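First comes the structure, then the notes that go with it.
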2 protein chains.
Amino acid sequence: MGQQIADRRDIEFVLYEQFDAEYLANNERYQGLNRKAFDLILTEARAFAIKELLPIMAEGDRQGVRLEDGTVKVPDCFKKPFAQFIENEWMSLTEDPEMGGQGLPHLIATAATEYLVGPNFAFAGYLGMGHGTGKMIELYGTEAQKSLFVKNLYTCKWAGTMMLTEPEAGSDVGALTTTAVPNEDGSYSITGNKIFITVGDHDLTENIIHAVLARIEGAPAGTAGVSLFIVPKIRVNEDGSLGIPNDVICTGLEEKMGIHGSATCSMALGSKGQCQGFLLGEANKGMRAMFHMMNEARLAVSMQSLGIASTAYLHAANYAKERVQGRDLSDMLNKDAVSVPIVRHPDVRRMLTWMKAYVDGMRSFVYFIADCIEKEENSQDIEEHKRCKGLVDLLTPIIKTYNAKYGFEVCVQAIQTYGGYGYIREYPVEQLLRDAKITSLYEGTDGVQAMDLLARKIGMEQGAVFQSFIKEINNVIDRARKSDALASMADAVDQCLKDLSNLAIAMGTTAMSPDFKIAFAHSVPFLDVFGDMVMAWMLLWRACVAAEKLGEMAKKKDLAFYEGQIKTAQFFCETVLPVTEGRMKSIKNFSPAPLEMDEAAFGG
Amino acid sequence: MGQQIADRRDIEFVLYEQFDAEYLANNERYQGLNRKAFDLILTEARAFAIKELLPIMAEGDRQGVRLEDGTVKVPDCFKKPFAQFIENEWMSLTEDPEMGGQGLPHLIATAATEYLVGPNFAFAGYLGMGHGTGKMIELYGTEAQKSLFVKNLYTCKWAGTMMLTEPEAGSDVGALTTTAVPNEDGSYSITGNKIFITVGDHDLTENIIHAVLARIEGAPAGTAGVSLFIVPKIRVNEDGSLGIPNDVICTGLEEKMGIHGSATCSMALGSKGQCQGFLLGEANKGMRAMFHMMNEARLAVSMQSLGIASTAYLHAANYAKERVQGRDLSDMLNKDAVSVPIVRHPDVRRMLTWMKAYVDGMRSFVYFIADCIEKEENSQDIEEHKRCKGLVDLLTPIIKTYNAKYGFEVCVQAIQTYGGYGYIREYPVEQLLRDAKITSLYEGTDGVQAMDLLARKIGMEQGAVFQSFIKEINNVIDRARKSDALASMADAVDQCLKDLSNLAIAMGTTAMSPDFKIAFAHSVPFLDVFGDMVMAWMLLWRACVAAEKLGEMAKKKDLAFYEGQIKTAQFFCETVLPVTEGRMKSIKNFSPAPLEMDEAAFGG
């Protein structure tokens, strides 16, 4: 059996050959770290994931969460690895060690996270949410709040949540009705109901710190009247010790299609009138702070999608190499021919190549964003800082949505590779598909992300951010043109980029015209072709690196790997980009039909 | 709440306006039947489905099947509707009443079946398989076999199965190892193990008649040595009474992603050496007979996919009209604006229009095949008979695969329309998606169907069948050109047809060249664009009918419905066909990358 989670060789390729991660060792911030240290960390993360996390994937799904005596119980099998996770300090990898973090560069942390999240993000959710809550407090909290909460959250001693959604509000956050009434002691009394709260309650930590959006009495309507509050599950005394329970209870668990190990909670705040909250940041400015956590969560979803796609792909590849069935097509008329592994069948090879293209491309995309965040944080140059931040902002809705869509689609293809066995619970891929589906829904649906891209991101800084995105891709196209083997691929990617630029202008123009609704009717397909463009860019970039390595002919043992990079880029350019081109034409038709359809014509 | 299963208005449109089903009343075979009778039957089928079948959809999923004391127990809630189904005579709708059928035309039977299968094909499987087994016996059995089995199978007094798959053989049926040793009394002793047997055992009927593929001792290797046997669960005496159990047992049930109410069985035949089977048809000619049942099963899968897609779409449409969330895009800056139903949001409209296009197109496709079967059976003209049979043969792999793929995809879009609620078991769409996934896997995976299309179907009768397919579409294009409103759509469909013809030639040529593997590497995408062509044809056909009706301006009350037909065709031509064009270009590139990839480059 080959690798079942993230592909180590490919991660090393991305880290050290595509993004030259060794440069990080030269940064003062990472004094004492070098490639050897990085490798050691990743070896440990991988070993831990294989030994402790992969085995509980199926069991967590079967056992699921349950609500007993008002408390959520996680699957029993989660307890031991959770404790080990904390003991071995796998949390808040990029944060300052003084605050409870591990002080790692983002690229290295991303690779470790890929191992740790990959096979089981239902489990990983209990660990990751605390960091987001802590980060908001670090950024927006008072000194007292920081010292009470941040370290406990970063070390996973306490867990965190993000409480936005309400039954009537959903994606329309501004419509929320949870109220906050000021108390004399400066705290607030919170009253309201929240739903779909990921890891909203559980029995893994002694406390849970909720970040709650609520409306202070008399605040303006809409998002302009939304404030953010810290609401601990158990009240925290000024000395940091725990007090009495804080009237935040889980009233129900959603039964879901997948991620059964992850508690999706309905929460009641202040049902006894005793829910105490503390304003975090300024009143009525809650959305700004929450956006930080939402963006972090969106990037986390893109990692979940990559992890699940990589796991599904590797399982399918292993299965295809081991499962013997049917004769080679060349031997169809030879009755004495033996059966062969199904990886020999052309259709299976197409599926594997397709999966590989998306998994490779998504991985490079995720690491590219990590590298941008790294550079954004470290750069002394204000322009460089702005450029990197712009790229992250622009690409966040795309990486969240695109990885979710194609991560799920990789699971579909993996099931197809297994044939009937793919539908059976004895094999892992059906669970991966069920788990994957959530990624297109939570942290903002595809529709919400596509509106963000079209209404806010494309036009950022009068298009300067989009231009710097184009420049990044042109750099890779120029690099590819230096290799004969890549010249025609470079042409294909170049054409796609020109078409995307034109389309972006057409979309932007339409979105600002009286017909703006037509642009929004096609915003999800627009995001999708944008994502294709990123895949093409990443795969061509990988092919450049591989072609250069092959030119050096140093490591013959990696021949198949490097040639595989070039073949994958070729496959994408030859089979996906013509479809992308068709999709761009389709969008440019700006079909008004969906808007003109009489509502009565939809369904019964 | 609107309709939740098949859309009655649309079914009537397809039956009476697209396919002019009233012509059937003129056929001697259907003496005494007329539109009024048809409508009465469909009203009853619909009422039965809504009252008895829709309510057990979720319960059957929750309870699932279980193996107790060697027998499979179906969900309790299946018992009552199963008995009613038989009592009300909803089975074998197109068969001769003297054999236990209902003597209905295929088109009308198809409409009734859409209601009866639609919301719950896990349940419907227990009813449908017996017909297939009975049909094989009717076609290939001796008189004695026919009188013993056919009527009991057609009336669902006894159930049936189709036993092909074995653990090592899978799609490679010729590799099966179940053996048949002749006994002195003319029967055979069967020994072997089968897996993935749909409704292989259950407690709904007093007997189950298995159609088993096995190899008579000494038979040639491969499919040329495969024979078909009748193997009753309980032995049947010559007078038709039941004898002793026949050593066919269920050894296990698969736990699956969906269709939990459907028993997917591992079966042991002759584990005590006492499994008696009877040769059906000629020795070593088992595949020919089984192909009849397989083709019927493939068409049944296309109906399952339509049923589930229609149910998912109608739920999503109802939800979108009822769920109020967010302001209208026109009111984004107006803080006093009220929230609107999400059907007002452009992205939701795009999803609904997309779903409608596929559901409408799949429905017309299914009914077109039914009408071809009708004409094939009834035509006195040998050329017309051949033409209709050819169309059914050519289109069977396409309708099975394409409807499965897009039926599943409609479920994905339905979940997306619900947002987070789509992932929750409280709402029906997540179950529909889990159920739908099986349709791409059983009765031949996509890869198997695409090989059938490319290797056998495209070239049938030196391309004459493909030509008659083209002629059908050209008829509709010519009809569309008579309406100004449809002229540009007609052009788009015409171009697509020309491109498909060229592609088919390129595929056929490549498949017969030394590079034939490249054609097979792209055979699934080829089947997919073929399916797009069928959708475009069907939707344009619908638009022709609608435009002509609108021209008459008789029924103003149906304005929204007819205009909806035209808008749907427009949407497909403007947004899907450009992508189809891109896909055809992609296939024509005949990328060799999947075949050239070193196996070591796939995964770990």
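Order of the sequence lines sets the chain letters (A, B, ...), proteins ahead of strands, with each chain counted from 1. Everything numeric in this text was worked out from a predicted model, so none of it was measured. These numbers come from the heavy atoms of this one structure, side chains and all, not from hydrogens, waters or symmetry mates.
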Does A:Asp515 use its side chain to pair, donor to acceptor, with the backbone of A:Ile518 at less than 3.5 Å? no
With a 4.5 angstrom heavy-atom cut-off, which part of A:Val324 approaches chain B: side chain, backbone, both or neither? backbone
Do B:Asp598 and A:Phe561 make a side-chain contact, defined as non-hydrogen atoms from C-beta onward lying under 4.5 Å apart? no
Heavy-atom donor-acceptor pair, A:Tyr423 side chain to B:Arg434 backbone, under 3.5 Å: yes
Please classify the contact between A:Met351 and chain B as side chain, backbone, both or neither, with a heavy-atom cut-off of under 4.5 Å. neither
Out of A:Thr311, A:Val429, A:Leu432, which residue meets the side-chain contact (heavy atoms from CB on, under 4.5 Å) rule with A:Cys411? A:Leu432
Which portion of A:Phe516 sits near chain B, non-hydrogen atoms under 4.5 angstrom: side chain
What part of A:Lys356 gets closer than 4.5 Å to chain B, counting heavy atoms only: side chain, backbone, both or neither? side chain
Is the shortest side-chain heavy-atom distance between A:Gln416 and B:Ser440 below 4.5 Å? yes
So what's closer than 4.5 Å to chain B heavy atoms on A:Asp360: side chain, backbone, both or neither? neither
Between A:Thr575 and the options B:Ser586, B:Pro594, B:Pro525, the side-chain contact (heavy atoms from CB on, under 4.5 Å) test singles out B:Ser586
Please state whether the side chain, the backbone, both or neither of A:Tyr442 comes within less than 4.5 Å of a heavy atom of chain B. neither
Heavy-atom contact with chain B under 4.5 Å, split by part of A:Ser339: side chain
Go through the atoms of A:Glu563 and report whether side chain, backbone, both or neither lie under 4.5 Å from a heavy atom of chain B. neither
Tell me, side chain or backbone of A:Leu433 under 4.5 Å from chain B's heavy atoms, or both, or neither? side chain
Whether the A:Thr264 and A:Glu254 side chains hold a donor-acceptor pair (N or O, under 3.5 Å, no angle test) is what I'd like checked. no
Toward chain B, the part of A:Tyr421 with a non-hydrogen atom under 4.5 Å: both
